[in-house]
Amino acid sequence: MVEKRKVLIFICLLLPTLWMFVDGGVTWLLARQWIFSLSNRDYLTTACFLIPCIVGHLATIWGHYFRSEREFQNSISKVTTPASERQKISLWEHHIMWGYTVKYWILVGVIVLMKITWVCVIVAPSFHEYFVDTSVYAGIGLIIGYAGGYSAIASCGIILILVLRRSMLHALGFTYAEILPLHRWLGVAIVFWSSLHTVGYLMYYDWENTVSEEFNFYDIGRSTMNICGCFAFGALLILGAGSIPWVRRQFYTVFMALHRVMTVIFFLGTIVHYPYYMLWYYMLPSMVLFLVDRFVPKMMQRRSILPEATCTLNADADIVRMTFTSPEPMKPYYPGDYILVEVPQLGLLYHPFTIASYWPEDPYSITLFIRTYNDKKGSWTGGLAKLCGTEDKKVMVKANIDGVFGDRRHDYLKSEVLVLFAAGAAITTFMALIKAIAAQIAASTEPLRIQLHLICTFRTRSELHAYGSFLHQITRDPRFTSWLHVEIYVSRPDKAQTLMGAHAHVIKNDILVPAESVKKAKKVKRFASLRKTGTMLRRALSGRTVVEAPEENSKVSSKEDSGKNVSFSAAGTHVRTGSVDTVVENEKRSHDASTDSSTSSSSASSVSGKLHDLSAIVISEETYSSSSHNEKFPTGQMTYTTKRLPTFQDANSTSVATQLARLDLHASAILVFIPLAFWYILRAVHYEGSVHYCDVMEDMNQTQNKICYGSYSTVPPFGHMVLLSAMGYFALWLARWSLMRSIKVDLEATGAGVPYPDVRSEEEKLTVEDGNWDEGDVVYSIGRMNIKQVISNFMEREIGLPGRDQGLVTVFGGGPEAFVAHVEKQIQKSKWAVDFHRETWAP
């Protein structure tokens with residue numbers, strides 16, 4: 001069944017591709033008949049181009065609900081495949097030139113070949129005719145003008161298909177992130193071809209000395225249409241300038257506004273510039289699928305997800321926690337999936353965020369962790385932080401979501417070593433993945449095969465508290481500590497208001513405060529001027545953080561090792577050989593002497609070595625309990641349950657997906673076929689009346705010519721788009737109305753309150769979750785992550801050595817563009833033989 005669906009989608013994608021190769025010769029050379037009404041050309045284009053695109057898209061929608069689970073389950077099962085069964089990543093998934101995969105370059109080659117074919121088919125058959133009764137200068141102008149115009153229009157038929165969130169290309173293994181660069185370069189190609197078209201005809205008009213006659217508003221012939229073409233070309237240039245990477249990233253809202261407005265102006269100007277009905281056939285499939293792709297996912301969510309989300313601001317870390325809830329199970333989402341969020345109070349623009357929650361744990365909610373940028377003027381996330389109110393107080397915020405979307409291929413789970421670099425909020429990208437692996441390990445009887453390393457860096461100490469109990473759990477919970485290797489780095493001191501103000505309770509005795517001499521501190525590194533207060537070391541080793549070390553390691557390490565980085569393990573006896581939870585490096589002991597001496601009565605040991613060596617500092621609970629602080633800290637057994645994490649099968653993801661897939665397919669079919677039927681009705685109408693003079697072009701005067709061009713080329717496209725848009729917005733309203741009506745009926749039947757989350761109970765749950773940190777904090781690293789040193793440590797252990805078959809190694813770099821680029825650069829400099837994947841939120 002799966003293979004048949006893929007074959008169907010491949011055929012549906014192949015037919016339009018072949019049609020685009022031959023369309024130039026068939027439409028504009030062999031069958032060039034100026035018949036404006038419905039004719040055989042409509043039927044041929046519909047059968048070879050339009051119908052395959054629609055059928056393939058509907059098949060993709062159905063498979064979209066099952067492909068993710070099928071591929072994810074197939075890949076996640078490889079985590080516990082016996083080591084004797086060697087796994088291999090497909091050749092098409094390997095990253096080669098500039099970090100792009102083999103399949104990406106194959107797709108690029110097909111499109112480039114298609115463009116070359118367009119030019120050759122248009123120019124070659126009638127090459128000599130361009131120079132008849134003209135000079136070489138004018139003939140060259142006609143050639144590049146004609147070829148450029150056709151290539152630009154044909155490119156418009158492809159460009160929107162490349163930004164579909166549920167595309168046929170995704171069903172064949174491509175991802176949105178892989179295709180998006182191709183969409184951008186195709187946009188550059190449209191600007192290039194349109195420029196050639198403009199320059200070419202200006203050369204021809206210059207030779208004829210008719211520039212003023214061909215561009216004016218008072219002529220009823222071609223000149224007015226050329227003016228509209230100039231407007232279209234100007235809109236295209238503005239659209240291209242707004243899409244420059246620097247402009248796009250610095251002024252994303254302006255970029256999106258220009259993208260939408262200028263695209264509409266470009267299409268309208270192009271149709272009026274050359275008003276021939278066949279032009280719309282190039283854009284018809286992509287426009288239909290694009291609008292359906294935008295309307296239906298929003299409708300699916302508005303019928304089930306409550307219109308208000310709970311929002312909590314962690315002011316110390318500048319992190320917003322946002323939760324969407326539903327009275328029924330949501331569409332299953334998988335590691336790496338994302339949604340787009342719209343907050344009407346902040347504008348109508350949707351912003352993408354990776355889902356942090358794990359669907360089998362709670363199918364009725366979606367949780368996001370959003371990094372805010374209050375220091376940036378006009379920041380959307382800064383506005384969201386203001387809406388979320390005071391710290392640690394949950395408020396309700398009106399919000400809409402679009403999605404869930406996700407096309408990630410999980411072949412990386414076939415690797416023998418998986419290394420995840422995460423900076424700040426990028427940790428949310430890997431939260432669900434780590435939990436899914438833990439669930440697979442618990443559900444399988446096979447031993448773990450893959451080695452997984454999570455190396456993350458955060459700006460401040462307080463940011464460790466911002467992601468719920470996740471970071472604490474993966475370094476304390478036996479379900480994670482037995483197989484997960486974690487390194488945590490903190491690069492900056494906390495905010496002044498966090499250190500000295502009312503927010504100091506968040507990190508209690510582990511806060512950092514300025515030393516007495518602030519002026520001298522400016523001459524050295526920032527952390528050299530900071531000293532620990534309270535009992536950070538003693539608290540870090542208290543309660544569930546205690547590790548029983550063997551007797552031979554109970555002595556204090558030699559002076560030679562005392563200056564090295566010290567590694568702490570908080571996993572207890574559940575840690576398998578080679579597990580490291582956190583790393584502490586660059587500790588400044590000049591200000592810690594008094595603190596260390598005050599705790600010298602405690603039994604402690606320091607063992608340093610490779611990441612695969614168990615390293616710990618141990619403190620006796622009896623000794624600690626006899627100290628002046630007689631606090632009782634909860635143990636690991638008191639905090640975390642031993643119940644295994646649920647898998648997607650445990651949560652009946654298949655039945656949920658089947659129900660939602662049927663509804664999605666029906667809604668998509670209605671939005672596709674009803675407006676399309678209206679299109680053909682408008683195409684069949686004779687706008688000139690019973691005379692039918694539009695069928696005989698030679699006998700028309702200028703007025704009749706205008707009627708034929710204007711009516712047949714504009715009425716069907718505009719009528720089709722207006723009806724499709726109206727039906728889409730009506731579907732959004734109907735979905736929200738049906739949700740609120742069902743809630744009202746349930747309330748009247750049960751007499752209960754509005755089914756929004758109980759904010760007070762959630763706050764209590766959150767306090768218990770996040771309070772675990774304050775009852776036994778993880779030991780962390782002061783200083784920026786030295787990626788070069790981290791890579792060197794791996795290579796010293798013969799992981800990813802060039803030219804040696806040490807097994808497959810996959811590396812993910814997640815975070816801001818600068819961080820991901822730095823990781824990639826260090827990998828290249830170190831000649832680390834790994835398959836690198838970029839996970840960046842740069843727009």
> Is it true that a side-chain atom of E463 and a backbone atom of R459 form a donor plus acceptor pair closer than 3.5 Å?
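Flag set: sc E463 to bb R459 pair under 3.5 Å.
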
> For H351 and W380, take the angle between the two ring planes, folded into 0 to 90°, and tell me which bin it lands in: parallel under 30, tilted 30 to 60, perpendicular over 60.
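Aromatic pair H351/W380 classed parallel.
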
> Step by step, work out the side chain to side chain contact (heavy atoms under 4.5 Å, CB included) result for F290 and M283.
CA-CA 10 Å; F290 179 81; M283 295 177 281; over 6 Å; no

> Measure from the side-chain N and O atoms of D293 to the backbone N and O of R165, and report whether any donor-acceptor pair falls under 3.5 Å.
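Present.
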
> Flag the pair W832 / Q826 as yes when at least one side-chain heavy-atom distance between them is below 4.5 Å, and no otherwise.
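A side-chain contact is absent here, since even the closest heavy-atom pair is not under 4.5 Å.
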
> Between F267 and C156, is there a side-chain heavy-atom distance shorter than 4.5 Å?
yes

> I want to check something: taking the side chain as every heavy atom from C-beta on, are D402 and Q301 in contact at a cut-off of under 4.5 Å?
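Of all side-chain heavy-atom pairs linking Q301 with D402, none is under 4.5 Å.
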
> Can any side-chain N or O of K398 pair as donor or acceptor with the backbone N or O of P344 at less than 3.5 Å?
no

> Quick check: do V247 and F255 have side-chain heavy atoms less than 4.5 Å from each other?
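They are not in side-chain contact.
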
> Is any side-chain heavy atom of Y489 closer than 4.5 Å to a side-chain heavy atom of I455?
yes

> Kindly indicate whether the side chain of M431, heavy atoms from C-beta on, has any atom under 4.5 Å from the side chain of Y467.
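Side chain of M431 against side chain of Y467, heavy atoms only: contact under 4.5 Å found.
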
> Atom CE of M287 and atom CE of M721: how far apart are they, to the nearest 0.5 Å?
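Output value for this atom pair is 5.0 Å.
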
> To check you understand the geometry: which heavy-atom pair defines the closest contact between F836 and G813, and what is its length?
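The answer is CE1-N, 3.7 Å.
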
> Under the salt bridge (charged side-chain N to carboxylate O under 4.0 Å, His left out) rule, what do K298 and E342 come out as? Steps first, then yes or no, please.
CA-CA 11 Å; K298 293 185 180 73; E342 177 209 31; over 6 Å; no

> Apply side chain to side chain contact (heavy atoms under 4.5 Å, CB included) to residues W118 and K115 and explain how you reach the verdict.
CA-CA 5 Å; W118 292 342; K115 288 182 173 294; 3.8 Å; yes

> Look only at the side chain of H273 and the backbone of C228, and say whether a donor-acceptor pair between them is shorter than 3.5 Å.
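No, H273 side chain to C228 backbone: no donor-acceptor pair under 3.5 Å.
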
> Does the side chain of L169 come within less than 4.5 Å of L107's, by heavy atoms?
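The answer is yes, as the side chains (C-beta and beyond) meet within the 4.5 Å cut-off.
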
> Begin with the C-alpha distance, continue with both residues' side-chain angles, and end with the deciding distance and a verdict on side chain to side chain contact (heavy atoms under 4.5 Å, CB included) for I339 and Y350.
CA-CA 9 Å; I339 61 174; Y350 282 81; over 6 Å; no

> Ring pair (Phe, Tyr, Trp, His ring centres under 6.0 Å) for H720 and F718? Distances and angles first, verdict last.
CA-CA 5 Å; H720 176 262; F718 290 128; over 10 Å; no

> Has L348 got more than 12 heavy atoms of other residues, nucleotides or ligands less than 6.0 Å from its CG?
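12 or below, so no.
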
> Could you give the side-chain donor-acceptor pairs of residues 200-207 under 3.5 Å, partners two or more places apart or in another chain?
from, atom 1, to, atom 2, distance (Å)
Y204, OH, E208, OE2, 2.7
D206, OD2, Y137, OH, 3.3
W207, NE1, S135, OG, 3.0

> Just so I know, are the side chains of V108 and W185 near enough to count as touching, which here means a heavy-atom distance under 4.5 Å?
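Sidechains of W185 and V108: no contact.
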
> Assess whether side chain to side chain contact (heavy atoms under 4.5 Å, CB included) is satisfied between I787 and K829, documenting all intermediate values.
CA-CA 11 Å; I787 298 177; K829 279 187 174 182; over 6 Å; no

> Counting heavy atoms not belonging to F231, are there more than 12 under 6.0 Å from its CZ?
no

> Specify the closest pair of heavy atoms between L384 and L346, including all atoms of both residues, with the distance to one decimal.
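Shortest heavy-atom contact: N-CD1, 3.5 Å.
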
> Can you check whether D318's main-chain N or O pairs, donor with acceptor, with T372's side chain at less than 3.5 Å?
yes

> Can you name the closest pair of heavy atoms from L162 and I179 and give their distance?
O-CG2, 3.2 Å

> What class does the angle between the rings of Y338 and F405 fall in, given that below 30° is parallel, 30 to 60° is tilted and above 60° is perpendicular?
tilted

